[in-house]
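In what follows, every chain begins at residue 1, and chains take the letters A, B, ... in the order their sequences are listed.
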Amino acid sequence: MSFQIVTRFAPSPTGYLHVGGARTALFNWLLARHSGGQFLLRIEDTDLARSSEQAVKQLLDDLRWLGLNWDNVELVFQSKRLEAYNGIIEQLMSQGMAYKAYETPEELEGQRRIAERAKRAYIYKRPKLTDEQIRKYESEGRPAVVRFAMPVREFRFHDVVLGKEIVLGASQVQDFVIRKTDGMPTYHFAVVVDDAAMGISHILRGQEHLLNTVNHIALQEALGYARPTYGHLPVILNTDGSKMGKRDRDKKIRHRANVWLKNTKRSAAELAAAAALETGRIEGWLADDGRQLEAAEQQKLMPVVGLEAGDLPEILVHDFRASGYLPDVLLNFLALLGWSPGGDRERMSVGEMVQLFSLDRVGQANAKFNRDKLLAFNTEACAAAGATQLVPAMRDFLSVNADSPLGSADAAALEKVIAMNVGMRTLREAEQKSRFLFLADENIEYQADAVEKILLKNDKQGLNVLGRMRQVLDETLDWTAACVEAAVKGYCASASLALGKVAQPIRVAVSGTSISPPIFASLEFLGKERTLRRIDNCLRFATSQ
RNA sequence: GGCCCCGUCGUCUAGAGGCCUAGGACACGGCCCUUUCAAGGCCGCAACACGGGUUCGAAUCCCGUCGGGGUCACCA
């Protein structure tokens with residue numbers, strides 16, 4: 001009988017998948033796939049208040065997008081396993097290994113405060129209740145939790161990632177809650193029961209769980225379960241060293257809010273009013289760097305201070321998807337956060353990672369999440385992929401960016417757009433540069449600074465060139481990028497003008513801005529008629545300025 | 001604060017006592033290319049946290065200091 005490695009990913013459905021969670025999922029997935037074992041998915045929804053069906057959907061969607069497929073057809077939901085948990089809890093209680101505890105949250109909070117003031121860690125002490133007291137509490141209907149009676153002794157376990165024995169002294173252990181007053185099991189309990197039930201052999205998780213492990217092994221011992229192999233992954237941090245979370249986004253919004261206040265010379269109260277938010281809330285937030293806005297509040301504030309969805313640093317898998325990153329690139333980058341195949345090897349396909357993955361090459365130092373490098377990886381991958389292959393990725397990108405004018409483009413058009421955007425760093429970058437190609441000619445918005453700098457400056461030199469170019473282009477019969485290029489360059493030569501002096505006015509005329517894909521490919525895509533119409537529109541607009 | 005974990009360029013890392021004058025990637029700087037933004041090419045800058053040991057020899061082993069992180073929930 002040979003052992004099969006069985007790993008799992010067990011998120012709680014509280015929202016979209018976070019990159020930290022994705023990294024945990026990836027490592028477990030890689031371990032399973034590398035060894036030909038199984039990777040299972042379980043939903044830890046024992047916190048009724050925070051779990052939602054919507055979040056489950058989002059989680060699965062993110063996992064699918066990444067390609068981290070799971071092997072259990074039937075998902076395990078902890079909320080559906082109450083009977084199993086309760087049976088085991090009853091059994092533990094009847095054996096004296098667990099007991100009801102009646103303290104109220106307020107009482108516990110008070111004790112904690114005392115411990116904190118005394119500068120020691122709070123350790124729960126089981127009160128010695130008489131039978132009479134218990135009867136009294138029960139008849140009062142006082143809510144009770146069930147606590148596991150932790151054996152008071154030292155616990156130790158081996159960690160495969162850290163490569164060492166973790167030891168927790170007897171004075172550090174305490175009786176922990178295994179069933180809440182609402183009747184739901186706690187994480188500590190459900191995780192142990194389910195990992196055993198699902199035959200999990202290896203558990204890779206974030207280092208924030210390191211000390212929890214002793215609770216879990218104590219429970220395993222009490223229940224007669226085998227102990228799985230544990231490995232605790234280093235934490236992913238923000239660039240400023242804080243734990244990766246919402247903070248990076250908040251920081252950016254805060255910065256822009258302060259700029260807004262300074263530039264407009266208005267007050268925090270006016271800012272709050274403009275965003276339809278509570279004044280006190282905004283004032284408090286601005287005054288205290290430690291505070292963070294809720295996601296809904298962030299969304300209201302962003303347009304006011306001039307931020308768009310894509311401007312914030314991404315932290316959720318979904319953010320990266322919406323920003324136009326390729327899933328395999330994200331996976332590659334995430335894998336490198338805490339793991340290395342050794343040597344100079346960095347860029348890997350998913351298949352290569354599966355082949356190369358090994359636990360003893362997982363690192364133990366925390367890693368900061370460096371978006372620049374991810375961007376560089378994505379740029380390379382886009383260049384390597386080729387236009388045809390990127391069409392489905394672009395489709396996917398558009399599916400989560402419903403407001404894009406490229407949404408209606410067919411595959412051939414998308415392929416052309418991608419092809420003319422060589423050098424793009426993200427799908428979004430290509431999409432934004434190419435939007436003008438899909439707008440109605442009348443809907444081109446001429447950017448004031450571009451019009452000023454490229455058309456009006458120096459005695460309307462650009463505008464004059466544009467007028468003459470209209471003539472040249474009108475006379476160009478064969479409307480291909482090559483022919484248009486020849487015509488424009490011919491004109492440049494005869495007029496002794498640098499190409500830039502001519503290309504930029506055309507660019508502004510057709511796109512409204514000074515940035516676009518290479519101009520000749522853009523013009524070919526637009527077609528002669530639309531190009532001329534846009535030039536006419538622009539001529540009229542700029543002349544009136 | 002107690003307990004636990006960690007510590008190689010700015011960042012991610014390679015490095016398992018001599019192969020290290022410490023390698024790669026990203027970022028950064030310079031130059032080149034160029035119709036914009038990107039992309040691309042070439043060159044360059046840059047680290048073993050500190051202090052003690054052990055050893056003929058230490059980035060690699062041990063101890064201490066310092067620094068960073070995690071955790072102390074009826075959240076997972």
Side-chain angles (χ1 to χ4, degrees), chain A residues 10-14 44-47 49-51 101 103-105 108-109 112 115-123 143-147 159 162 164 166-169 171-172 174 176-182 184-188 190-191 205-212 214 232 234-235 237 239 241-243 333 336-347 363-377 379-380 382-383 421-425 429-430 432-433 450 454 485 488-489 492 498-504 506-508 511 513-520:
Chain A
S12 63
T14 55
E44 309 222 319
D45 54 352
T46 54
D47 185 348
R50 299 205 309 164
S51 301
E103 294 87 354
T104 64
L108 291 173
E109 191 46 45
R112 258 182 228 119
E116 197 182 322
R117 261 199 292 274
K119 292 194 184 295
R120 10 165 267 265
Y122 168 67
I123 301 280
V145 298
V146 176
R147 279 178 189 267
D159 186 294
L162 265 14
K164 65 186 289 191
I166 304 299
V167 183
L168 200 66
S171 64
Q172 305 297 314
Q174 63 181 321
F176 56 95
V177 175
I178 57 175
R179 185 166 68 195
K180 304 181 256 186
T181 49
D182 68 1
M184 297 297 284
T186 60
Y187 160 74
H188 297 299
V191 79
R205 46 166 36 162
Q207 218 163 83
E208 60 270 20
H209 288 291
L210 188 63
L211 276 345
N212 287 337
V214 307
H232 292 88
V235 178
L237 305 169
T239 330
S242 61
K243 196 178 172 187
F333 181 74
L336 258 17
L337 248 36
W339 173 75
S340 157
D344 293 346
R345 199 83 188 271
E346 279 199 325
R347 321 293 150 111
Q364 33 275 133
N366 291 346
K368 289 179 185 163
F369 193 91
N370 178 209
R371 285 188 185 74
D372 287 334
K373 186 156 177 168
L374 208 211
L375 226 207
F377 273 37
T379 308
E380 268 182 43
C382 285
N421 276 289
V422 261
M424 69 168 128
R425 304 189 310 198
E429 204 168 82
Q432 288 197 325
K433 260 203 272 183
I454 292 164
E485 179 169 357
V488 173
K489 282 188 173 166
C492 287
L499 184 53
K501 293 283 181 211
V502 180
Q504 281 303 78
I506 303 177
R507 198 185 305 280
V508 172
S511 75
T513 73
S514 58
I515 296 172
S516 85
I519 192 65
F520 304 118

- Does a side chain donor of either A/T14 or A/R50 reach within less than 3.5 Å of an acceptor in the other side chain? no
- Task: Find the partner of B/G1: check Watson-Crick (N1-N3 plus N6-O4 or O6-N4) and G-U wobble (N1-O2, O6-N3) distances, both under 3.5 Å, and reply none if neither fits.
- Result: B/C72
- Query: Taking the nucleotide of RNA chain B with the closest heavy atom to each, which residue, A/A118 or A/G342, is nearer the 5' end?
  - Reply: A/A118
- Task: Answer with base, sugar-phosphate or nothing: what part of the nucleic acid does A/I506 contact at a heavy-atom distance below 4.0 Å?
- Result: nothing
- Message: Just to be sure I understand the rule, does A/I519 reach a base, reach only the sugar-phosphate, or reach nothing, if contact means heavy atoms closer than 4.0 Å?
- Response: base
- Message: When you measure from the side chain of A/K180 to the backbone of A/A144, do you find a donor-acceptor pair of N or O atoms at a distance under 3.5 Å?
- Response: no
- P atom, B/A27 versus B/C50: distance in rounded Å? 28 Å
- Item | Identity of whatever pairs with B/U21 - Watson-Crick or G-U, under 3.5 angstrom | none
- Determine the interatomic distance between C1' on B/A14 and the same-named atom on B/A59; round to the nearest Å. 12 Å
- If we call it a pair only when both distances are under 3.5 Å in a Watson-Crick or G-U wobble match, what pairs with B/U55? none
- Message: I'd like the P distance from B/C48 over to B/U21, given in whole Å.
- Response: 14 Å
- What does A/S171 touch in the nucleic acid at a heavy-atom separation under 4.0 angstrom: a base, only the sugar-phosphate, or nothing? nothing
- Query: Mind checking which nucleotides bracket the chain A contacts on RNA chain B, 5' to 3', with an atom under 4.0 Å from a heavy atom?
  - Reply: B/G1 to B/A76
- Message: Under 4.0 Å, counting only non-hydrogen atoms across every strand here, what does A/S340 touch: a base, just sugar-phosphate, or nothing?
- Response: sugar-phosphate
- Hey, which of these two, A/E429 or A/A376, hits RNA chain B nearer its 5' end, going by closest nucleotide? A/A376
- Query: For A/V214, which of A/L168, A/V167, A/I166 qualifies under side-chain contact (heavy atoms from CB on, under 4.5 Å)?
  - Reply: A/L168
- Query: How far does the C1' atom of B/A25 sit from the matching atom of B/C56, given to the nearest Å?
  - Reply: 37 Å
- Query: Under 4.0 angstrom, heavy atoms only, what part of the nucleic acid is A/S12 near: base, sugar-phosphate, or nothing?
  - Reply: sugar-phosphate
- Task: Would you classify A/V177 as touching base, sugar-phosphate or nothing, given that sugar-phosphate means primed atoms plus P, OP1 and OP2, and contacts are heavy atoms under 4.0 Å?
- Result: sugar-phosphate
- Assign A/F520 to base, sugar-phosphate, or nothing according to its heavy-atom contacts below 4.0 angstrom with the strands shown. base
- Message: Please name the nucleotide paired to B/G7 by Watson-Crick or G-U wobble geometry with both distances under 3.5 Å, or report none.
- Response: B/C66
- Between B/G18 and B/C33, how far apart are the P atoms? Round to whole Å, please. 47 Å
- Message: So A/L375, base contact, sugar-phosphate only, or nothing? Heavy-atom distance under 4.0 Å.
- Response: nothing
- Message: Regarding A/R117, tell me which of base, sugar-phosphate or nothing describes its non-hydrogen contacts under 4.0 Å with the strands shown.
- Response: nothing
- What nucleic acid atoms does A/K164 come within less than 4.0 Å of, heavy atoms only: base, sugar-phosphate, or nothing? sugar-phosphate
- Message: Does A/T379 reach a base, just sugar-phosphate, or nothing at all? Heavy atoms under 4.0 Å.
- Response: sugar-phosphate
- Judged by atom type as modelled, is there a donor-acceptor pair below 3.5 Å linking the side chain of A/R507 to the main-chain atoms of A/V502? no
- Interatomic distance at C1', B/U60 relative to B/A49, whole Å: 16 Å
- Message: side-chain contact (heavy atoms from CB on, under 4.5 Å) for A/I178 and A/H188? Distances and angles first, verdict last.
- Response: CA-CA 7 Å; A/I178 57 175; A/H188 297 299; 5.6 Å; no
- Query: With a non-hydrogen cut-off below 4.0 angstrom, is A/K119 in contact with a base, only sugar-phosphate, or nothing?
  - Reply: sugar-phosphate
- Message: Could you tell me how far B/G57 sits from B/G17 if I compare only their C1' atoms? Round to whole Å.
- Response: 8 Å
- Query: Do any N or O atoms from the side chain of A/N366 and from the backbone of A/V235 form a donor-acceptor pair under 3.5 angstrom?
  - Reply: yes
- Quantified in whole Å, what is the P atom distance between nucleotide B/A47 and nucleotide B/U54? 29 Å
- Message: Any base atoms under 4.0 Å from A/Q432, or only sugar-phosphate, or nothing? Heavy atoms, all strands.
- Response: nothing
- Message: With a 3.5 Å limit on both atom pairs, tell me what B/G44 is paired to, counting Watson-Crick and G-U wobble, or say none.
- Response: B/C28
- Message: Any base atoms under 4.0 Å from A/G338, or only sugar-phosphate, or nothing? Heavy atoms, all strands.
- Response: sugar-phosphate
- Query: Going by an N to O cut-off under 4.0 Å, is there a salt bridge joining A/E380 and A/R425?
  - Reply: no
- Aromatic ring pairing A/F377/A/F333, orientation class (parallel under 30°, perpendicular over 60°, tilted between): perpendicular
- Message: Quick one, A/F369 and A/L237 - any side-chain contact, counting heavy atoms below 4.5 Å?
- Response: no
